[in-house]
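For ligands, and for the atoms within them, numbers begin at 1 and follow the listed sequence. All values below were derived from every heavy atom in this structure, side-chain atoms included, with hydrogens, water molecules and symmetry-related copies excluded. Note that the coordinates shown come from a computational prediction; the quantities given were computed from them, not determined experimentally.
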Amino acid sequence: MGQEIRDLYELDGVDVDSFCIEEKRLVARGRLKNERFTCHKCGSNDVIFNGNCNREFRLPSTGSKNAVLIILVHRNRCKNCDSAWWPQMPFADGKQRMSKSFVNYVLDLLEFATIKDVANYLEITWDTVKNLHKNDLKKKYKNIDLKDVTYITIDEISISKGHKYMTVIADLKTGRILHSVEGRKKKDIRSFLKILKKKP
Ligand SMILES: [Zn+2]
């Protein structure tokens, strides 16, 4: 069953030992595969386990149930140079306590549901959903090719019944939005204008 669950959730580098329902949540428990690493400081392979803890990560919901992975993580310590570290989670997005698949799940839900609805449904905070959305937008805009952009248009759009403003910068020729940011002051778009200035 472990293999199936791992395939289901695409948990890179994880051995799932068990899967059950606990307090209305689906709980997978597992360990990292190949947990012992080379020391990142001195390159020694003389690395031992030195302490451990259980960490909980959100997974996409299944059958209207919240799902989590509880993973036993070992702290590594290099016997040669004495540095210690916790391993990276290959299935997680940075230091967030959620799997990459959970992040994708949230972002896809936002295609048709509001931040508030998604937060309520998944029982996470509004801020968490908002931050995931914001980071995703940042990533998207970072990869936009500005090479063929000749003329841009800068507009301010009022949202939330005029309580908030977004500044939107678009390529005039294609209509593609190149950048959007909350606020309508010069400082809000300064960083993007700097990137634009550097374009070939
Ligand atoms: Zn070392």
Report task. With sequence neighbours left out, write down each residue that passes side-chain contact (heavy atoms from CB on, under 4.5 Å) with W85, or none if nothing qualifies. Result ->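 With sequence neighbours excluded, W85 shows a side-chain contact (heavy atoms from CB on, under 4.5 Å) to F37, C39, H40, V47, N76, C78, S83, given in chain and number order.
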Query raised in the report: Which atom names give the shortest non-hydrogen contact between W86 and V73, and what distance separates them?
Result: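 Nearest heavy atoms, W86 then V73: CZ3-O, 3.5 Å.
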Requested in this report: Search all heavy atoms of Y121 against all heavy atoms of S61 and return the closest pair with its distance.
Outcome: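 It is OH-CB, 4.0 Å.
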Return all side-chain donor-acceptor pairs below 3.5 angstrom for residues 21-28, not counting sequence neighbours, or 'none' if the list is empty.
residue : atom : partner : partner atom : Å
E22     : OE1  : R29     : NH2          : 3.2
E22     : OE2  : R29     : NH2          : 3.2
R25     : NH1  : E56     : OE2          : 2.9

Query - Greater than 12 external heavy atoms within 6.0 Å of Q88's CD - result: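 No.
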Query raised in the report: When you check the space around the Zn ion (ligand 1), which protein N, O or S atoms turn up under 2.8 Å?
Result: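 Result, waters dropped: C39 SG, C42 SG, C78 SG, C81 SG.
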Query raised in the report: Can you name the salt bridge (Lys or Arg N to Asp or Glu O under 4.0 Å) partners of D82, sequence neighbours left out?
Result: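 Expected list: R77.
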